[in-house]
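A quick write-up on the structure given underneath.
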Amino acid sequence: MIHHATVLGAGVIGSQIAAHLANASVPVLLLDVSPEAARDGLEKARKLKPDPFFTLDTHRLITTDGFDAGMGRLESSDWIIEAIVERLDLKRQLLARIEACRRPDAIVSTNTSGIPVSAIAEGMSDGFRKRFLGTHFFNPPRYLRLLELIPTPDTDPEVVDTIARFADRRLGKGVVIAKDTPNFIANHIGLYGVARVFEALEAGFSIEEIDAITGPALGRPKSATFRTMDIAGIDVLGHVAKNLAAARQSDALPDPSAFRLPAFVEQLIARGQIGDKAGRGFYKRVKQADGASEILTLDPGTLEYRPKQSTRLPALDAAKNTADPAERIRALYHGKDRVGDFLRRTLGPTLEYVARVAPHIAHSEEDIDRAMRWGFGWELGPFETIRALGMEQRLRPERAAGGKPGEAGPASESAWGWGPTRIEKCRRVKDATIVKKNAGASLRDLGDGVLCVEFHSKMNAIGGDTIEMLHAGVKEASKNFAALVVGNDAPNFSAGANLLLLLLEAQEGNWDEIDLMVRAFQKATMALKLADVPVVVCPAGLTLGGGCEIALHGARVQAAAESYIGLVEVGVGLIPAGGGTKEMLARAASTDEAVQGVFETIGLAKVSTSGPDAKRHGYLRDADGITMNRDRLITDAKSLALSLAATGYQPPQPRAAIPAGGEGMLATLKLGVHLAWRAGRISEHDKLIGGKLAWILAGGDLPRPGTLSEQQLLDLEREAFLSLCGERKTQERIAHTLKTGKPLRN
């Protein structure tokens with residue numbers, strides 16, 4: 001077990017590895033050449049965006065010191081991670097110092113992105129080498145799931161299993177065991193593809209065209225190619241490419257020269273144009289005279305910046321209508337146009353290269369697919385893409401002839417017996433049997449007496465179909481199952497209610513229809529709360545508005561660590577009306593300070609930065625669970641639901657006496673709204689919304705502190721919601737958000 005860790009090297013990667021260990025509630029000792037350097041590294045990490053820490057106080061689990069004094073404290077550590085600069089001599093010197101101070105049973109790893117792990121361990125004792133391996137964290141460690149583990153021939157398999165299990169469950173990592181070859185798996189393949197992209201750039205494709213093609217249309221992140229390089233650092237790109245280009249030719253690296261980058265990349269590095277950390281790379285953001293910002297694009301010929309050009313690639317527009325990534329990539333690749341030409345120049349050779357080197361760099365084809373999905377955010381890995389394009393017969397004839405995809409062939413077995421990375425099977429909703437289905441949601445049997453309500457509308461927006469299936473889920477679970485889970489496999493649990501439908505009804509003045517919609521949603525959330533069987537809601541990613549309200553009404557919540565939960569209705573000129581305001585007031589323990597906190601949380605549309613941070617905001621309770629590995633969320637939620645059922649679950653009764661502060665609380669809250677308006681921090685319409693929210697939290701027309709039933713608070717929510725729907729500025733806010741995805745302050 002890993003109860004304490006030490007990270008040596010407080011640079012960008014080392015400090016963030018320490019941060020993520022702290023996110024997993026592991027105390028960490030962070031060391032650098034001096035105590036000041038270590039403290040400075042931690043302080044820099046605390047200022048990074050996106051934030052490497054789950055909560056504001058997570059950093060308190062990290063203590064800092066210098067190498068000289070800190071080496072004497074290594075005996076407390078179960079895992080010691082070396083994360084200094086990529087120099088073999090310095091790494092060996094530091095490992096020698098670690099060997100003299102560590103406990104014999106401590107695990108030591110080197111975080112290297114390219115130096116052979118076996119070479120780093122040369123000269124160490126047999127006992128040290130048995131407890132030593134490579135751990136390649138992708139940067140930033142909190143957000144990029146891939147962790148490549150690189151054992152040497154001397155590494156004890158039990159050590160690899162220990163780190164793999166810990167990284168999987170406690171750190172939420174996607175673990176792949178790589179062979180000790182140049183730059184391991186993901187960077188090796190990624191850089192080969194990047195080199196082909198640079199060839200296409202030199203052949204006449206523009207930076208804008210390439211990023212348009214290599215983004216979501218190809219099942220890749222929005223940052224595509226050149227924006228990703230700016231984020232990662234062009235200097236890092238150059239370093240990794242140099243490692244590969246300078247490596248010795250082998251089966252794992254048949255053509256090192258294929259990794260040489262154009263001369264202008266070295267010029268960019270020399271001039272300091274290395275990406276986001278320098279404020280300029282392939283793109284540069286500049287402020288205009290009116291305060292607005294403009295993004296400029298690098299001209300590779302002059303290394304100067306020009307206005308960003310629009311692209312005309314009709315095939316990409318057509319691809320937006322194709323949800324299936326395999327079908328979309330296939331259509332783009334075989335297109336007789338500029339997009340198809342680009343992909344056949346770049347993607348085609350990359351897939352051919354991967355098929356050639358796969359047995360020599362990884363233990364299975366599936367591991368290669370996992371590495372590229374988890375490390376680079378690809379929707380389909382290389383071998384999944386090969387199958388999608390129908391290229392398997394040509395590139396992997398032995399597989400096409402009857403071998404199983406992902407199965408390691410004889411050439412991929414290591415000399416000391418490691419096979420494909422052993423990933424424990426996790427329950428996925430999409431693999432479960434459908435019990436009932438409509439356009440917005442499904443009921444699925446997860447097995448062992450657990451039913452699941454799965455949302456599958458666009459962004460899992462909540463509409464009439466979703467509400468219908470929530471009611472059906474409660475009814476079916478109460479009749480035939482022991483427990484109910486509300487969750488899905490999608491990146492985002494739910495972005496909230498169907499705003500387009502609401503806007504259309506409001507613009508038509510169909511107030512009775514809106515009233516019925518709100519009542520139906522309130523009945524659905526209360527049905528979850530009062531169900532005869534335990535209901536466990538498992539949010540992940542965006543869990544906003546109505547999605548948050550569903551979570552608030554579960555008997556328990558099992559949230560993914562990367563959950564961004566919030567009641568954000570004020571951003572579109574509304575207040576939470578699906579029971580969210582009611583639940584937050586009920587959790588406020590009736591103290592004035594707590595109620596004011598709820599008012600600020602809802603009124604400022606605060607969204608948690610993580611699952612643990614959601615507890616600070618009151619969206620999650622202490623009894624609710626956190627799952628670090630998103631792939632395990634449904635499995636953990638199911639286990640929690642069954643444990644609640646096994647202990648004789650008794651459903652709650654509707655609350656008849658939720659405390660509210662009355663006129664005194666209303667005056668206090670409205671005074672705060674007025675002062676914010678006078679100071680110019682909020683608009684006139686914000687003031688109106690704030691007054692409506694204050695009215696509900698104070699208990700409506702209660703003359704003095706008293707209590708209200710849940711239904712009375714739901715009625716107050718619904719009345720305020722309906723009145724705001726009739727406001728022109730609210731309708732403008734909804735329309736603006738639907739069009740731009742951003743809130744409007746009017």
Side-chain angles (χ1 to χ4, degrees), residues 1-48 51-84 94-95 97-111 131-133 135 137 139-143 147 149 159 162-173 175 561-562 609-613 615-616 622 625-629:
M1 291 292 292
I2 307 298
H3 299 291
H4 185 279
T6 294
V7 178
L8 295 96
V12 173
I13 186 65
S15 62
Q16 291 193 75
I17 292 171
H20 198 51
L21 286 162
N23 287 336
S25 301
V26 177
V28 185
L29 174 62
L30 179 62
L31 304 179
D32 211 305
V33 290
S34 68
E36 294 77 18
R39 283 196 300 270
D40 184 55
L42 179 58
E43 288 306 307
K44 287 180 178 177
R46 292 180 62 193
K47 296 174 184 176
L48 287 174
D51 197 336
F53 292 100
F54 279 167
T55 67
L56 293 173
D57 59 357
T58 303
H59 72 278
R60 298 184 187 280
L61 280 170
I62 302 174
T63 56
T64 59
D65 208 338
F67 288 153
D68 291 340
M71 286 292 176
R73 301 166 64 183
L74 291 188
E75 283 194 356
S76 62
S77 285
D78 306 296
W79 184 12
I80 301 166
I81 305 170
E82 172 272 303
I84 64 170
L94 190 55
L95 289 188
R97 296 181 67 182
I98 293 170
E99 182 170 24
C101 301
R102 73 177 182 96
R103 288 199 325 264
D105 64 336
I107 296 171
V108 181
S109 70
T110 176
N111 187 71
R131 311 288 296 175
F132 178 76
L133 74 162
T135 48
F137 285 85
N139 191 32
R142 172 183 168 182
Y143 299 98
L147 173 62
L149 299 186
V159 167
T162 297
I163 297 300
R165 285 195 302 271
F166 176 81
D168 175 2
R169 291 188 172 275
R170 291 289 298 280
L171 299 182
K173 288 295 176 186
V175 177
E562 296 299 342
T609 58
S610 65
D613 187 54
K615 293 189 175 185
R616 181 174 67 89
D622 288 341
I626 304 290
T627 295
M628 291 292 283
N629 190 329

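Side chains included, hydrogens not; waters and symmetry mates left out as well; all remaining heavy atoms used.
- Taking CZ of Arg103 as the start and CD1 of Ile107 as the end, the distance is 10.0 Å to the nearest 0.5 Å.
- A salt bridge links Arg97 to Asp68: at least one charged side-chain nitrogen sits closer than 4.0 Å to a carboxylate oxygen.
- Counting only heavy atoms from C-beta outward, the side chains of Ile81 and Ile17 approach each other to under 4.5 Å.
- Between Met628 and Arg169, the shortest heavy-atom contact is CB-O, 3.5 Å.
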Trace of the side chain to side chain contact (heavy atoms under 4.5 Å, CB included) decision for Asn139 with Gln16: CA-CA 8 Å; Asn139 191 32; Gln16 291 193 75; 3.2 Å; yes
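- With respect to Asp168 and Arg165, no salt bridge is recorded, no charged nitrogen being found less than 4.0 Å from a carboxylate O.
- A pairwise comparison of heavy atoms in Gly14 and Ala83 identifies CA-CB, 3.9 Å as the closest pair.
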Side chain to side chain contact (heavy atoms under 4.5 Å, CB included) evaluation trace for Val7 with Val28: CA-CA 7 Å; Val7 178; Val28 185; 4.0 Å; yes
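- A salt bridge links Asp65 with Arg73; the closest basic N to acidic carboxylate O contact falls under 4.0 Å.
- Once rounded to the nearest 0.5 Å, the distance linking CG of Asn23 with CZ of Phe54 reads 4.5 Å.
- Residues Glu82 and Asn111 bring no donor and acceptor atom of their side chains to less than 3.5 Å of each other.
- The line from CG of Leu29 to NE2 of His4 is 5.5 Å long, rounded to the nearest 0.5 Å.
- Shown here for Ala38 and Asp32, the closest heavy-atom pair between the two residues is N-CB, 3.7 Å.
- Residue Arg60 places its CZ atom among 12 or fewer non-hydrogen atoms of other residues, nucleotides or ligands, all under 6.0 Å distant.
- Heavy-atom minimum distance, Leu94 versus Met71: CD1-CE, 3.4 Å.
- One finds no salt bridge joining Arg46 and Asp51 here, because no Lys/Arg side-chain nitrogen approaches an Asp/Glu carboxylate oxygen to under 4.0 Å.
- Scanning both residues, Ala164 and Val175, for their nearest heavy atoms gives O-CG2, 3.8 Å.
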Test side chain to side chain contact (heavy atoms under 4.5 Å, CB included) applied to Arg142 and Phe53, step by step: CA-CA 8 Å; Arg142 172 183 168 182; Phe53 292 100; 5.7 Å; no
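- In this structure, CG on Asp613 lies 9.5 Å from CG on Asp57, to the nearest 0.5 angstrom.
- With rounding to the nearest 0.5 angstrom, the CD1 atom of Ile98 is 10.0 Å from the OG atom of Ser77.
- Between the CZ atom in Arg39 and the OG atom in Ser15 there is a gap of 15.0 Å [rounded to 0.5 Å].
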Full working for side chain to side chain contact (heavy atoms under 4.5 Å, CB included) between Asp40 and Leu42: CA-CA 5 Å; Asp40 184 55; Leu42 179 58; over 6 Å; no
